[in-house]
2 protein chains.
Amino acid sequence: MASSRTIGALSREAGVGIETIRYYERIGLLPPPRRAESGYRHYNDDDIGRLRFVKRGRELGFSIDEIRTLLQLAAQPEQPCAEADRLVREHLAEVEQRIADLSRLHAELAGLACCSERRASDCRIIEALAGAPLPHA
Amino acid sequence: MASSRTIGALSREAGVGIETIRYYERIGLLPPPRRAESGYRHYNDDDIGRLRFVKRGRELGFSIDEIRTLLQLAAQPEQPCAEADRLVREHLAEVEQRIADLSRLHAELAGLACCSERRASDCRIIEALAGAPLPHA
DNA sequence: ATTGACCCTGTAGTGGCTACAGGGTCTAGG
DNA sequence: CCTAGACCCTGTAGCCACTACAGGGTCAAT
């Protein structure tokens, strides 16, 4: 019930690296925690919650700035959350775009991987990169 | 037939930014070109080819170091191209992994975007980030 | 008293560009 | 011949989100 922990314990509990936690504090994403006389940081349960929120946001692909906004929204429970919704939709569109890009990429790469036995002069990979005809065998 | 162009012309022909071309030269990805007395860089047709090769490689998602390797392979036409093939297959696996990751992400985000009219205190987005129960409505 | 795990600050590096600042050069029009 | 404006040069710093030190201090157990 002490609910006070050093940065190492917080790191393990939240699954976020120590250096990353200090970085988040430096950029103002996490508030400066209480300090012991030694100068050691000490975190309480709210701090874990906040850090987990940040971690989850990063896993969902939000930028630090977007997470900053989401944290502010979370702290104002009376405000409507249209802003959060907008962020999510925007992000969703970006993810869809990236999936589409990667799928095209995948098709292109899949068409290349097949020439281990040839010499580089005939290599379809090299040809494709060089912009050679590549008449589809 | 002069086949000599300044960096600006090369930039337009290859579709690569001027600053990026100078950056590629600085890191040794492109060889230093001939210089006019004024100090201006002048590029020939081989240089466009090489730069286009690099551009295409980047578009296919290869790292600068991978492109360095591919360029070396392309310059040794008698070598078998197993190495190029390995690079492509490795890269293909990474792309597949990223598509899978993004697809999971997409599903998660899609499940969140739907609460514009609520207040932040009930917002499923905020809840999901905070690790709240989220009992699926 | 010592060991070793932990913590501190501050700085520099990563990748792949991109954006200046502060200058020099070249060319077309007047 | 002069000037405006487009182009080029070098060198450095910034971007994102960390990550990795270096060089020190603290704490708990033995």
Side-chain angles (χ1 to χ4, degrees), chain A residues 2 4-30 32-43 47 50-71 91 94-95 98 101 105, chain B residues 2 4-30 32-43 47 50-71 87 90-91 94-95 98 101 105:
Chain A
S4 182
R5 51 190 74 61
T6 64
I7 198 170
L10 178 66
S11 172
R12 281 186 295 276
E13 281 183 72
V16 175
I18 289 175
E19 312 264 19
T20 304
I21 295 170
R22 287 199 281 246
Y23 166 72
Y24 286 161
E25 181 185 335
R26 203 159 57 241
I27 64 173
L29 194 60
L30 299 179
R34 185 173 74 74
R35 298 276 187 145
E37 286 187 14
S38 61
Y40 283 22
R41 291 169 178 84
H42 281 272
Y43 297 93
D47 294 322
R50 197 176 168 97
L51 181 53
R52 286 210 176 118
F53 188 106
V54 170
K55 189 199 180 196
R56 186 99 182 88
R58 291 294 298 136
E59 284 169 356
L60 287 171
F62 291 102
S63 73
I64 296 287
D65 261 5
E66 284 168 339
I67 291 171
R68 226 185 278 272
T69 302
L70 289 169
L71 278 168
H91 193 55
E94 277 168 37
V95 169
R98 272 196 286 161
D101 289 348
L105 210 57
Chain B
S4 182
R5 49 190 74 63
T6 64
I7 197 169
L10 177 66
S11 171
R12 282 186 295 276
E13 282 184 72
V16 175
I18 289 175
E19 312 264 21
T20 304
I21 295 170
R22 286 199 281 247
Y23 167 72
Y24 285 162
E25 181 185 334
R26 203 158 58 243
I27 63 172
L29 194 59
L30 299 179
R34 185 173 74 76
R35 296 279 187 143
E37 286 188 14
S38 62
Y40 283 22
R41 290 169 178 84
H42 280 273
Y43 297 92
D47 293 323
R50 197 176 169 99
L51 181 53
R52 287 212 175 116
F53 188 106
V54 171
K55 189 199 181 196
R56 187 97 182 88
R58 290 295 297 137
E59 284 169 358
L60 287 171
F62 291 102
S63 73
I64 296 286
D65 260 6
E66 286 168 339
I67 291 171
R68 225 185 278 271
T69 303
L70 289 169
L71 278 168
L87 272 180
E90 232 176 70
H91 193 54
E94 276 167 37
V95 169
R98 272 195 287 160
D101 289 349
L105 210 55

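These numbers come from a predicted model, not from an experiment.
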Base, sugar-phosphate or nothing for Ile18(A)? Non-hydrogen atoms, less than 4.0 Å.
sugar-phosphate
So Ile27(A), base contact, sugar-phosphate only, or nothing? Heavy-atom distance under 4.0 Å.
nothing
Give a yes/no on whether any side-chain N or O of [X] is located under 4.0 angstrom from OP1 or OP2 of [N].
X: Ser38(A); N: dG25(D); result: no
X: Tyr23(B); N: dG15(C); result: no
X: Arg68(B); N: dG16(C); result: no
X: Tyr40(A); N: dG25(D); result: no
X: Arg22(B); N: dT10(D); result: no
X: Thr20(B); N: dT18(C); result: yes
X: Arg26(B); N: dC9(D); result: no
X: Thr6(A); N: dC7(C); result: yes

Please give, in whole Å, the distance from [N] [atom2] to [X] [atom1]?
X: His42(A); N: dT26(D); atom1: NE2; atom2: P; result: 13 Å
X: Glu25(A); N: dC7(C); atom1: CD; atom2: P; result: 14 Å
X: Leu29(A); N: dA17(D); atom1: CG; atom2: C1'; result: 11 Å
X: Glu19(A); N: dC6(C); atom1: CD; atom2: C1'; result: 13 Å
X: Ile67(B); N: dG16(C); atom1: CD1; atom2: P; result: 8 Å
X: Leu10(B); N: dC8(D); atom1: CG; atom2: P; result: 10 Å

For Arg35(A) and Arg12(A), find the nucleotide of DNA chain C closest to each by heavy atoms; which residue's nucleotide sits nearer the 5' end?
Arg12(A)
Sub-4.0 Å heavy-atom contacts from residues 53-66 of chain A onto DNA chain D, ordered by number
Arg58(A), Ser63(A), Ile64(A)
From Ile7(B) CD1 over to Arg22(B) CZ, what is the distance, rounded to the nearest 0.5 angstrom?
5.0 Å
